[in-house]
Amino acid sequence: MLDACAELLDEVGYEALSTTRIAQRAGVAIGSLYQFFPDKRAIKTALTARNVERFVTRLGRRFMAEEFRSTWEAVDAIIDEYVDMHRTVPGFRSLHFADVVDLQLLDSMADTSAVIVGRLRALLLADYGLADSEELDRAMLVAVEAGDAVLKLAFRRDPNGDPDIIAEAKHLVRGCLDRQLRASA
């Protein structure tokens with residue numbers, strides 16, 4: 001059902017999405033869909049949760065497989081994974097981590113950005129020995145929110161992501177994190 005929702009989001013967008021269409025695409029009775037999801041917002045929330053988990057898993061694998069020479073290479077790798085998912089994961093274009101959604105599936109006390117910040121912070125703290133602080137959390141939250149907004153712009157301007165805007169997003173994120181990363185060095 002989540003795969004069907006993702007495909008339909010790419011084809012018709014959120015406004016034209018309906019539980020009936022999702023059930024038809026998934027080849028299930030509408031009643032079966034309602035056993036798991038009360039409405040289209042609930043299925044969108046579940047799809048967003050799945051995409052967050054995929055993103056974090058992909059990052060974890062990448063951080064284990066690659067040696068980054070600097071924290072900045074690691075930060076760029078995080079952005080590159082986001083961009084790649086935007087290009088290759090069905091439905092991802094329509095769902096963004098900073099969107100306001102109910103993320104009880106991920107963390108009952110956090111919004112999407114806070115979940116992403118927490119997971120990214122854990123990766124950076126573990127691999128780069130950064131000092132854990134409220135200032136780092138705040139800088140990362142601003143970086144995630146600002147980066148997400150600029151990357152949305154990149155994909156509005158070009159279906160594959162405007163490379164110049166993606167480069168600007170990386171520059172913006174680095175600026176948000178620079179003081180904190182230098183303080184930890």
Side-chain angles (χ1 to χ4, degrees), residues 1-63 65 75-107 110-120 123 141 143-170 172-173:
M1 289 183 266
L2 292 179
D3 291 338
C5 179
E7 292 168 7
L8 286 167
L9 279 169
D10 282 348
E11 292 171 22
V12 302
Y14 184 73
E15 293 305 316
L17 185 69
S18 70
T19 53
T20 302
R21 278 185 150 170
I22 295 168
Q24 288 172 343
R25 176 64 61 94
V28 300
I30 191 74
S32 296
L33 184 131
Y34 284 128
Q35 286 181 320
F36 299 99
F37 308 105
D39 54 29
K40 77 177 186 178
R41 183 172 184 261
I43 197 164
K44 180 185 177 201
T45 298
L47 184 58
T48 301
R50 182 175 80 172
N51 283 339
V52 169
E53 289 303 322
R54 282 183 174 174
F55 179 67
V56 171
T57 298
R58 286 172 65 153
L59 283 177
R61 275 190 244 136
R62 188 164 182 177
F63 272 56
V75 169
D76 285 350
I78 291 166
I79 295 169
D80 291 341
E81 282 299 321
Y82 179 94
V83 168
D84 186 62
M85 285 186 71
H86 201 87
R87 290 176 178 150
T88 63
V89 174
F92 191 80
R93 278 175 198 261
S94 300
L95 307 173
H96 298 281
F97 298 151
D99 290 345
V100 178
V101 294
D102 176 12
L103 286 176
Q104 292 176 350
L105 296 172
L106 288 174
D107 185 332
D111 66 12
T112 317
S113 293
V115 171
I116 294 297
V117 166
R119 305 252 173 113
L120 297 181
L123 285 171
L141 180 61
V144 167
E145 291 283 346
D148 183 59
V150 174
L151 289 169
K152 284 179 186 178
L153 172 63
F155 283 92
R156 280 196 313 268
R157 294 188 90 189
D158 179 337
N160 289 315
D162 181 308
D164 293 331
I165 302 293
I166 292 169
E168 287 298 325
K170 288 180 178 182
L172 176 75
V173 168

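All residue numbers refer to positions in the sequence shown, counting from 1.
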- If we only count heavy atoms from C-beta on, is the K152 to D148 side-chain gap below 4.5 Å? yes

Interatomic distance, CG@L153 vs CD1@I165, rounded to 0.5 Å, equals 5.0 Å

So CZ of F36 and CG of L2: to nearest 0.5 Å the spacing works out to 10.5 Å

Rounding to 0.5 Å, atoms CE (M85) and CZ (R54) come to a distance of 6.5 Å

Rounding to 0.5 Å, atoms OG1 (T88) and CZ (R93) come to a distance of 9.5 Å

In terms of heavy-atom contacts, G91 and D10 come closest through N-OD2, 3.0 Å

>> Quick test of your reading of the model: are D84 and R58 salt-bridged, counting only N-O distances below 4.0 Å?
In response: yes

Notebook entry, point to check: If we only count heavy atoms from C-beta on, is the L47 to L9 side-chain gap below 4.5 Å?
Noted result: yes

Tightest non-hydrogen contact, residues G147 and V173, listed as CA-CG2, 3.9 Å

Value for CD1 (I166) from CG (L151), rounded to nearest 0.5 Å, stands at 6.5 Å

For C5 and L17 the tightest heavy-atom approach is SG-CD2, 3.9 Å

Distance col, row I22:CD1 vs M1:CE, nearest 0.5 angstrom, shows 10.0 Å

* F37 and T45, any side-chain heavy atoms less than 4.5 Å apart -> no

Quiz item: Counting distance only, does the side-chain N/O of K40 pair as donor-acceptor with the main-chain N or O of Y14 below 3.5 Å?
Solution: yes

Should Y34 and T19 be marked as a side-chain contact (heavy atoms from CB on, under 4.5 Å) after you check the CA-CA gap, both sets of side-chain angles, and the distance that decides it? CA-CA 8 Å; Y34 284 128; T19 53; 2.7 Å; yes

Practice task
Begin with the C-alpha distance, continue with both residues' side-chain angles, and end with the deciding distance and a verdict on side-chain contact (heavy atoms from CB on, under 4.5 Å) for K170 and D80.
Solution key: CA-CA 9 Å; K170 288 180 178 182; D80 291 341; 2.6 Å; yes

Nearest heavy-atom contact between I79 and A169 is CD1-O, 4.4 Å

Closest non-hydrogen atoms of L59 and E81, given as atom of the first, atom of the second and distance, are CD2-CG, 3.7 Å

- Message: Counting only heavy atoms from other residues, nucleotides and ligands, does the tally under 6.0 Å from CZ of R157 exceed 12?
- Response: no

I'd like to know if R25 and D3 make a salt bridge, using a cut-off of under 4.0 Å between side-chain N and carboxylate O. no

For this session: Name the orientation class of the two ring planes belonging to F92 and H86 (parallel below 30°, tilted from 30 to 60°, perpendicular beyond 60°).
Result: perpendicular

Looking only at heavy atoms, the pair that brings V150 and L172 closest together is CG2-CD2, 3.6 Å

